[in-house]
Protein chains: 2
Amino acid sequence: MTKAKSAIKNADPGNTKPSATRIQKQNRQIIVEAALLVFSDYGYRGSTVAQIADAANMSKANLLYYFDSKQAVYLSVLEYTLSEWLQPLSEMNPDGDPADEIWRYAKAKLAMSKSKPEASRLFANEILQGAPMIGEFLQTDLRVLLDDRCKVIQQWIDQGKLNSVSPLHLMFFIWATTQHYADFSAQTAFLTDNTDTLFDDAESSLKTLLFNGLLPLKS
Amino acid sequence: MTKAKSAIKNADPGNTKPSATRIQKQNRQIIVEAALLVFSDYGYRGSTVAQIADAANMSKANLLYYFDSKQAVYLSVLEYTLSEWLQPLSEMNPDGDPADEIWRYAKAKLAMSKSKPEASRLFANEILQGAPMIGEFLQTDLRVLLDDRCKVIQQWIDQGKLNSVSPLHLMFFIWATTQHYADFSAQTAFLTDNTDTLFDDAESSLKTLLFNGLLPLKS
DNA sequence: AAAAGAATTGACCATTTGGTCAGTTTATAC
DNA sequence: GTATAAACTGACCAAATGGTCAATTCTTTT
């Protein structure tokens, strides 16, 4: 995944720059990181090149010296963020204990929402707009990865190790609940008192719900 | 709620128009409905007045004859959508069976995501951008409503009728999972085969997860 | 240290976009 | 039917924005 051939629309069109200067590498990095903050806050259309240049402490003209266009910056940001964001997905061991494996994954996703909320919001924005740039990636790379994980979960269910739920929807639930805390942090902040224990509370509640559900065991 | 005094930023600034023509009412309605479709698809910044006017079959100038500005249209759309969107929340009966009441609510939310995905996306966009317009509403009206529901759920827990989870996070969990299907429909569409049974599958999986969790009952 | 190339920028341009306005057409009141 | 108000529109404007470019400064190479 780190160096996948990128199903992101028009990303890196035959781009493997033969050589990149020290300053080039450095500035491209600075730009991409600044752009991540801006894009994740305002979405693609809502962000301006001037804003990004500002965040990168650089003139607009200079930014466009390193990237051909606003869209090129956006694509680079998506690419830069994607592998990191999906990493937890590749860490589910079919031979491990189902509950352990699923919980490790859910916990990793939740931790990610806490530590990299910008990444989550970036994708939330992109997908809300219909995933114009990463649509192909979703259909291909992610789809394959996800189908594989679903098969594993289905096995666990068939072996009676888990209650019968749709593996696909289980994944959706985990994504939805964990990313919610990043994507809708504006909302949760307005509705929560002690925001310092927010993620800990979320974690324990999620654990209970995910594995035991709401109904107490009738003795 | 239907005629709350609206904690939406600058909505209806002393607006109670003494009289509204037949044509005025009709065209305002048409505009708001067209704008909902456009705003929910492209977000506030991503939408243009011309787009909305187009969707409403009306010249841009005429649209701005009915609304002072793009923002005024946006605020009207939010106001128009809000009460409808929150309606399920006000339908939880403290004296009913906890599981029934919660499930009725969750099911209503999921049905809403299916029937009114634009509304969900509209708010998702708004909240992603930091809820600049409905922030005050979230802090006041919604907060009060939510706190009340949480107290009810906490009672049920205290009575041993439900497992111990944070009521607040339970609500977040329900919101996240149900709205996911509207907000990220672009993603789910790319990752799902039979999209016609999508919501039914989601419903049954949600029910299992919400009430029984993943772990089978150990005998 | 000087030549060559890379990096940087202010000024500028074309397009998009929110919003205005004078003037025309349509509906309503009498 | 005619006067009055409401509804509607094309043309226009100013600001914002993505992107270009010639000219200048800084690095690197030899």
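This one's a predicted model, so the numbers in the text were calculated from it and none came from an experiment. Throughout, a chain's letter reflects where its sequence line sits, starting with A, and its residues are numbered from 1.
- The side chain of A/Val49 lies closest to D/dG18 when the candidates are C/dT28, D/dG18, D/dA7.
- In this structure, CD of B/Gln71 is placed 12 Å from P of C/dG18, rounded to the nearest angstrom.
- Residue A/Ser69 has its side chain nearest to D/dG19 when only D/dT9, D/dG19, C/dA7 are considered.
- In this structure, B/Arg28 forms a cation-pi arrangement with B/Phe67, its terminal cationic atom sitting closer than 6.0 Å to the ring centre and no more than 45° off the ring axis.
- Ring pair A/Tyr44/A/Phe39 is parallel by interplanar angle, where below 30° counts as parallel and above 60° as perpendicular.
- Mapping B/Ile23 and B/Thr48 onto DNA chain C by nearest heavy atom places B/Thr48 closer to the 5' end of the strand.
- Distance, A/Ile52 CD1 to D/dT17 P: 12 Å, rounded to whole Å.
- To the nearest angstrom, P of C/dT8 lies 12 Å from CZ of A/Arg28.
- In terms of modelled atom types and a separation under 3.5 Å, the side chain of B/Ser204 and the main chain of B/Asp201 share a donor-acceptor contact.
- Checking the phosphate oxygens (OP1, OP2) of C/dT17, a side-chain nitrogen or oxygen of A/Arg45 falls inside 4.0 Å.
- Following rounding to the nearest Å, B/Ile30 (CD1) and D/dC8 (C1') show an atom-to-atom distance of 14 Å.
- Between A/Asp54 atom CG and D/dT17 atom P there is a gap of 12 Å when expressed in whole angstrom units.
- Put simply, A/Asn62 has no side-chain N or O that comes within less than 4.0 Å of OP1 or OP2 on C/dA7.
- Side-chain atoms of B/Ala61 lie closest to C/dT20 of the nucleotides C/dT20, D/dT28, C/dT9.
- A/His169 and A/Phe173 have tilted rings, their planes meeting at an angle from 30° to 60° on a 0 to 90° scale.
- Summary of the strand contacts: A/Asp68 and B/Met58 both lie near DNA chain D, and taking for each the nucleotide with the nearest heavy atom, the more 5' one is attributed to B/Met58.
- One can place OH of A/Tyr65 at 13 Å from P of D/dT27, the figure rounded to the nearest angstrom.
- We find that CG of B/Leu63 is positioned 13 Å from P of C/dT20, with the value rounded to whole Å.
- For B/Tyr66, no side-chain nitrogen or oxygen approaches OP1 or OP2 of D/dA6 to under 4.0 Å.
- The phosphate of D/dT27 has neither OP1 nor OP2 within less than 4.0 Å of any side-chain N or O from A/Thr21.
- Residue B/Arg22 has no polar side-chain atom (N or O) positioned under 4.0 Å from OP1 or OP2 of D/dA6.
- Listed nucleotides: C/dT20, C/dT8, D/dC21. Nearest to the side chain of A/Asn27: C/dT8.
- Contact of the B/Leu89 side chain with the B/Met171 side chain is registered, since non-hydrogen atoms from C-beta on lie closer than 4.5 Å.
- Side-chain proximity of B/Lys60 to C/dG18, C/dA6, D/dA7: nearest is C/dG18.
- Using a distance-only test at 3.5 Å, with no hydrogens or angles considered, no donor-acceptor pair links the side chain of B/Ser120 to the main chain of B/Pro117.
- To the nearest angstrom, P of D/dC26 lies 19 Å from CD of A/Gln24.
- B/Leu64 comes within 4.0 angstrom of a nucleotide base, judged by non-hydrogen atoms across all strands.
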